[in-house]
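Not measured: the values here are computed from a predicted model.
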Amino acid sequence: MHIQSCTKITRMAIAIASVALLSAAPLSTGLAKEAASSASSVAVGPQYDSTHVYIAPGDFDAFVNSFTGTFGGKPSARGTFNVLPVPSSTEGQYVWTPVGMLSTFAFLTPIPYPFGQERTGYLVTDMDQAIKEARAAGAEVIVDKFKDAIGLDTVIQWPGGVKMQLYWHFKAPSYASMETVPDNRIYVSRDTADTFVRDWLRFSHGKVVSDDRKADAGEIGKPGETYRRIRIDSGFGKMQVNVTDGHLPYPFGHEITGYEVKDLDATLAKATSNGAKVLVPRYDGSDRSSAIVQFPGGYIAEVHASTAH
């Protein structure tokens, strides 16, 4: 579900949406060509892409205060809505920060399937065209297009089970750019990694920034081992595809988004002073230092700072 604030009205649209052992090498030429398709992307921009956070009503204030206390930014007004195509009720609030945005939901009724399984919501320029292109690229539409109070929504699923929401508004929103663009952190198996990446490149018209087949697996809690790490940029923002054998120590795989900050230690200190817990302490990788944090209400996130010069 996606929530945004416009003048005195809280605007909300459903945002349902979510280790190879070889030497480092780029994706195949065929995959790279998928990203160079002549058609323009339906993406609007990464500042319109939200991570979806589901929390208990009693944790709402603590979570939002902790998150904004850590990263800055501010939430929209909070309201209670039925934002789904079937009967339901949720408290909802949009949270903007300089490092990424959230759509937060505290359902007062049971959550209808498959809502709650999506990871992110992506704003598109044209819903029908986006659905057409997603299907052509290999996605499955698992929730058909439906209308809400301010626009249209759908939920799609990619190979590997990655679910996300696409949304479109009757009146185009206008958000400021972020200081840093977060990573959508995707975990997939070796069996489906190339298919997922190929399909996502076709849809997003993105590009592979790096494809490291011997990345330091200490980044995902397995020091001394390697894994395949693919980084992609597109009009929908950044994506990090972690290709693993599924033998992941907790909490890796539970984090949906990775937030880039300038000073990791200072951010972790802010997080803990605002009620968050550091589940995985700072780990210094080849080009970034990272940690895993859990905020009040249970939301788990990766936080990182670049060490590249």
Legend entry - Note, Phe60 side chain near Arg78 side chain (heavy atom, < 4.5 Å): yes

Inset, instruction - Taking Ser204 for its side chain and Gly206 for its backbone only, find out whether a donor-acceptor pair lies under 3.5 Å. - result: yes

Inset, instruction - For Asp59 and Ile55, indicate whether the former's side chain and the latter's backbone hold a donor-acceptor pair under 3.5 Å. - result: no

Legend entry - Note, Val143 side chain near Pro114 side chain (heavy atom, < 4.5 Å): yes

Inset, instruction - Determine, using ring centers only, whether Tyr227 and Tyr187 are less than 6.0 Å apart. - result: no

Legend entry - Side-chain (Ser289) to main-chain (Gly285) donor-acceptor, under 3.5 angstrom: no

Legend entry - Any donor-acceptor pair under 3.5 Å from Thr192 side chain to Ser189 backbone: no

Inset, instruction - Decide side-chain contact (heavy atoms from CB on, under 4.5 Å) for Asp128 and Lys145; before the verdict, give the C-alpha distance in whole Å, the side-chain angles of both, and the deciding distance to 0.1 Å. - result: CA-CA 8 Å; Asp128 289 336; Lys145 179 181 71 174; 2.7 Å; yes

Legend entry - Interatomic distance, Ile156 atom CD1 to Ile131 atom CD1 [nearest 0.5 angstrom]: 8.5 Å

Inset, instruction - Identify the heavy atoms of Thr125 and Ala43 that sit nearest to each other, and give their distance. - result: CG2-O, 4.0 Å

Legend entry - Side-chain heavy atoms of Asn242 within contact of Ile186, under 4.5 Å: no

Inset, instruction - Would you mind telling me which of Thr244, Asp211, Asp212 makes a side-chain hydrogen bond (donor to acceptor under 3.5 Å, both in side chains) with Arg228? - result: Asp211

Inset, instruction - Kindly determine whether Tyr167 and Val124 satisfy side-chain contact (heavy atoms from CB on, under 4.5 Å), including the steps that lead there. - result: CA-CA 6 Å; Tyr167 74 96; Val124 295; over 6 Å; no

Legend entry - Pairs satisfying salt bridge (charged side-chain N to carboxylate O under 4.0 Å, His left out), at least one member in residues 283-294, at least two apart: Asp183-Arg288, Arg231-Asp287, Arg282-Asp284

Inset, instruction - Output every pair passing salt bridge (charged side-chain N to carboxylate O under 4.0 Å, His left out) with a member in residues 97-116, not counting sequence neighbours, ordered by first then second residue. - result: none

Inset, instruction - Treat each ILVMFWY residue as a node, draw an edge where side-chain heavy atoms are under 4.5 Å apart, and state whether Ile111 and Phe105 are in one component. - result: yes

Legend entry - pair Asn82-Ser89: side-chain heavy atoms closer than 4.5 Å: no

Legend entry - Backbone of Val303 reached by a side-chain donor or acceptor of Ser290 within 3.5 Å: no

Inset, instruction - For the pair Phe115 and Phe107, evaluate side-chain contact (heavy atoms from CB on, under 4.5 Å) and give the outcome as yes or no after the intermediate values. - result: CA-CA 11 Å; Phe115 301 113; Phe107 270 80; 5.6 Å; no

Inset, instruction - Would you confirm whether the ring centroid of His254 sits within less than 6.0 angstrom of the ring centroid of Phe252? - result: no

Inset, instruction - State whether the side chain of Lys171 and the backbone N or O of Gly151 hold a donor-acceptor pair below 3.5 Å, judged by distance alone. - result: no

Inset, instruction - Indicate yes or no for a side-chain donor-acceptor contact from Arg202 to the backbone of Ala136 under 3.5 Å, with no hydrogens or angles considered. - result: yes

Legend entry - Carboxylate-amine/guanidinium proximity below 4.0 Å for Asp49 and Lys238: no

Legend entry - Close side-chain approach of Gln240 and His304, heavy atoms under 4.5 Å: no

Inset, instruction - Supply the atom-to-atom distance Asp126 CG to Trp168 CH2, rounded to the nearest 0.5 angstrom. - result: 8.0 Å

Inset, instruction - Answer yes if the ring centres of Tyr94 and Tyr175 are under 6.0 angstrom apart, and no otherwise. - result: yes

Inset, instruction - Give a yes or no on whether the backbone of Thr180 and the side-chain of Glu260 come within a donor-acceptor separation of less than 3.5 Å. - result: no

Legend entry - Centroid separation Tyr48 to Tyr122 less than 6.0 Å: no

Legend entry - Test item: Glu219 side-chain N/O and Ala217 main-chain N/O as donor-acceptor pair under 3.5 Å: no

Inset, instruction - Look at the aromatic rings of Phe67 and Tyr259 and report parallel, tilted or perpendicular, splitting at 30° and 60°. - result: perpendicular

Inset, instruction - Given side-chain contact (heavy atoms from CB on, under 4.5 Å), test His247 with Glu225 step by step and report yes or no. - result: CA-CA 12 Å; His247 300 177; Glu225 301 183 31; over 6 Å; no

Legend entry - Partner residues of Tyr283 under the side chain to side chain donor-acceptor pair (under 3.5 Å) criterion, sequence neighbours left out: Asp216

Inset, instruction - Would you give the length of the straight line joining atom NZ of Lys214 to atom OG of Ser286, rounded to the nearest 0.5 angstrom? - result: 13.5 Å

